[in-house]
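Data first, discussion second: the structure below is written as structure tokens.
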Amino acid sequence: MSPQLQSNLEQELTQEVVLQYLEDAREGAMEAKQYSTAIRAAELMGKHLGMFGKKEEQPGPMEIRWAGEDL
């Protein structure tokens, strides 16, 4: 890749542009009922935000409850 092309891509592909592209893809996939594609886009956005740690970093078993669920 030429240095000029690389420079143009770096200027156009900011984090915000890529995240917006992923969100648009996720929304389109949900509308098309392509759930695995939608989940993958959401996963990539979550990874960018640092939401998922490595397995060895997990503290152990955790309890997950849905909102409104009784104890």
Side-chain angles (χ1 to χ4, degrees):
M1 182 179 310
S2 74
Q4 180 62 37
L5 182 58
Q6 178 72 29
S7 177
N8 289 344
L9 283 175
E10 288 172 358
Q11 290 174 3
E12 294 174 19
L13 287 177
T14 63
Q15 288 184 21
E16 291 81 17
V17 169
V18 172
L19 289 172
Q20 184 60 56
Y21 176 79
L22 286 169
E23 177 57 17
D24 293 346
R26 188 196 64 77
E27 288 176 0
M30 289 297 291
E31 290 173 9
K33 298 183 179 185
Q34 297 174 345
Y35 301 116
S36 61
T37 301
I39 289 169
R40 179 65 176 146
E43 177 187 5
L44 290 171
M45 290 186 285
K47 283 183 178 182
H48 170 73
L49 295 171
M51 296 175 75
F52 310 113
K54 295 180 182 176
K55 267 192 165 182
E56 62 268 11
E57 293 177 7
Q58 298 298 324
M62 66 176 82
E63 188 173 330
I64 299 173
R65 298 186 189 164
W66 297 106
E69 185 179 17
D70 291 331
L71 298 173

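Counting from 1, the numbers follow the sequence of the chain as shown.
Once rounded to the nearest 0.5 Å, the distance linking CG of L19 with CG of D24 reads 11.0 Å. We find the CE-CD distance between M45 and Q20 to be 9.5 Å, quoted to the nearest 0.5 Å. For the atom pair R40 CZ and L22 CG, the distance stands at 9.5 Å (nearest 0.5 Å). Taken to the nearest 0.5 Å, the CZ atom of R26 stands 10.5 Å off from the CD1 atom of I39.
Across every non-hydrogen atom of A38 and A29, the tightest pair is N-CB, 3.6 Å. Residues M30 and Y35 come closest through the heavy atom pair SD-CD2, 3.7 Å.
For the side chain to side chain contact (heavy atoms under 4.5 Å, CB included) test with E16, the passing option among T14, L13, V18 is T14; the others fail.
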